[in-house]
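The structure under discussion appears below in the form of structure tokens.
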Amino acid sequence: MRQAVQETEIPGLTPKHGKVRDIYDFGDALLLVSSDRISAFDWILPTCIPDKGKVLTQTAAFWFKKLPVKNHLITTNVEKIPFPEGTDLKQFEGRSTYCKKTKVFPIECIVRGYLSGSGWQEYRKSGSVCGLKLPEGLRESDQLEEPIFTPTTKAETGHDMNVSFEEMADIIGHDAAEALKKLSLSIYKYGAEYALERGIIIADTKFEFGLFEDEIILIDEVMTPDSSRFWPKDQYEPGHGQPSFDKQFVRDWLLASGWDRNSTPPELPNDIVDKTREKYIDAYQRLTGKELQ
């Protein structure tokens with residue numbers, strides 16, 4: 001198996017390290033580099049998943065080119081990125097997004113098409129999800145009559161916090177809130193319909209947006225296995241949790257391992273690493289019909 005990429009290096013530039021990405025400021029543009037790090041329960045795990053960063057970058061690039069909305073992508077071709085002289089380009093191949101710099105809205109735009117995860121847990125207690133009342137009698141993993149928009153604040157550390165649409169409007173303004181909600185729902189519906197044709201259910205996902213030259217555009221990543229809950233269509237069976245193409249597989253192993261979620265996470269066994277890598281690559285190939293670069 002290939003060596004996993006933990007961190008990257010550009011001469012003269014210091015990156016901002018996110019949980020799974022390195023972000024370089026090129027002045028009038030940003031370079032987002034997806035490492036092979038994987039996070040769960042707000043922890044960066046000590047074990048990487050080889051090629052994970054390439055899957056995320058190339059899946060997002062596929063959607064950016066396919067979706068009928070404006071976005072921040074300039075190029076993913078390392079030969080067209082203005083790296084300083086002496087940069088080792090090999091570490092960036094297939095995992096780099098050179099993009100427009102925007103004024104980012106401090107909101108994560110979550111769209112849920114199915115009842116799962118924290119949404120299912122809340123529904124069991126209150127019959128609602130993020131304050132939105134849902135019909136009685138729904139089962140875990142049921143498809144909702146219509147996708148719902150459940151925004152959260154965008155936290156630098158720790159958990160994002162659910163907010164109502166009204167609270168979101170107080171933060172970014174009513175017109176912007178309406179625009180982000182409309183965009184999020186339309187992108188989700190477009191992407192979910194396409195993915196279903198390729199054998200993947202997108203149960204829920206998150207989007208981020210920014211202002212570029214006074215226009216709202218789609219940024220960050222879009223409908224990847226890290227920002228979404230992907231289920232295989234041919235195994236879908238409501239009434240319980242579903243097999244997945246995303247990192248829920250890793251979350252499930254961590255929960256079963258006895259880890260207390262308050263101390264340093266355990267190393268992932270080789271078979272879990274291998275199976276997770278296979279799931280990520282399978283999702284990419286199903287969606288795009290292409291081999292991973």
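Remember, predicted model here, so these are calculated numbers, not experimental data. This chain uses plain numbering: 1 for the first residue, then up along the sequence.
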**Request:** State which residue, out of Arg277, Arg95, Lys52, fulfils the side chain to side chain donor-acceptor pair (under 3.5 Å) condition with Asp36.
**Result:**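 Only match with Asp36 under side chain to side chain donor-acceptor pair (under 3.5 Å): Arg95.
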Non-hydrogen side-chain atoms of [X] and [Y] separated by less than 4.5 Å:
X: Asn71; Y: Cys99; answer: no
X: Pro151; Y: Glu108; answer: no
X: Tyr114; Y: Asp142; answer: no

Shortest non-hydrogen contact from [X] toward [Y]:
X: Phe149; Y: Leu180; answer: CE1-O, 4.3 Å
X: Trp259; Y: Ala40; answer: CH2-O, 4.3 Å
X: Ser227; Y: Met223; answer: OG-N, 3.5 Å
X: Pro238; Y: Arg139; answer: CG-NH2, 3.6 Å
X: Leu287; Y: Phe230; answer: CD1-CE1, 3.8 Å
X: Leu89; Y: Val78; answer: CD1-O, 4.4 Å

**Asp25/Lys101 salt bridge by N-O under 4.0 Å criterion** = yes
**Request:** May I ask you to decide if the ring planes of Phe92 and Phe83 are parallel, tilted or perpendicular, using 30° and 60° as cut-offs?
**Result:** tilted
**Asked** Do other residues, nucleotides or ligands put more than 12 heavy atoms under 6.0 Å from Glu9 CD?
**Response**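 Open: at most 12 neighbouring heavy atoms sit under 6.0 Å from CD of Glu9.
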**Request:** Kindly check if the number of other-residue, nucleotide or ligand heavy atoms within 6.0 Å of CZ (Arg124) is above 12?
**Result:**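 No, not enclosed.
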Distance-only donor-acceptor check, side chains [X] and [Y], under 3.5 Å:
X: Thr57; Y: Ser34; value: yes
X: Ser39; Y: Lys247; value: yes
X: Gln242; Y: Gln235; value: no
X: Asp226; Y: Tyr280; value: yes
X: Asp22; Y: Thr8; value: yes
X: Glu221; Y: Thr224; value: yes

Does the [X] side chain pair with the main chain of [Y], one donor and one acceptor, at a distance under 3.5 Å?
X: Trp43; Y: Arg261; result: yes
X: Arg37; Y: Lys19; result: yes
X: Thr47; Y: Glu267; result: no
X: Tyr123; Y: Leu138; result: yes
X: Lys133; Y: Ser126; result: yes
X: Asp252; Y: Leu255; result: no
X: Thr87; Y: Pro84; result: yes

**Message:** Please report the interatomic distance CZ(Arg286) to NZ(Lys233), rounded to the nearest 0.5 Å.
**Reply:** 11.0 Å
**Item:** Lys189/Glu146 under salt bridge (Lys or Arg N to Asp or Glu O under 4.0 Å): CA gap, chis, key distance, verdict
**Value:** CA-CA 10 Å; Lys189 289 177 181 178; Glu146 287 291 332; 3.5 Å; yes
**Prompt:** Any cation-pi pair here, Lys66 with Tyr194, using under 6.0 Å and within 45°?
**Reply:**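 Lys66 over Tyr194 ring: yes.
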**Request:** Go through the steps to decide whether Lys206 and Glu208 satisfy the test salt bridge (Lys or Arg N to Asp or Glu O under 4.0 Å), and finish with yes or no.
**Result:** CA-CA 7 Å; Lys206 80 166 180 72; Glu208 295 189 38; 2.9 Å; yes
**Prompt:** Is there a side-chain contact (heavy atoms from CB on, under 4.5 Å) between Ile110 and Thr205 once you walk through the steps?
**Reply:** CA-CA 6 Å; Ile110 314 293; Thr205 193; over 6 Å; no
**Request:** Under the salt bridge (Lys or Arg N to Asp or Glu O under 4.0 Å) rule, what do Arg21 and Asp220 come out as? Steps first, then yes or no, please.
**Result:** CA-CA 11 Å; Arg21 285 195 305 204; Asp220 195 62; 2.3 Å; yes
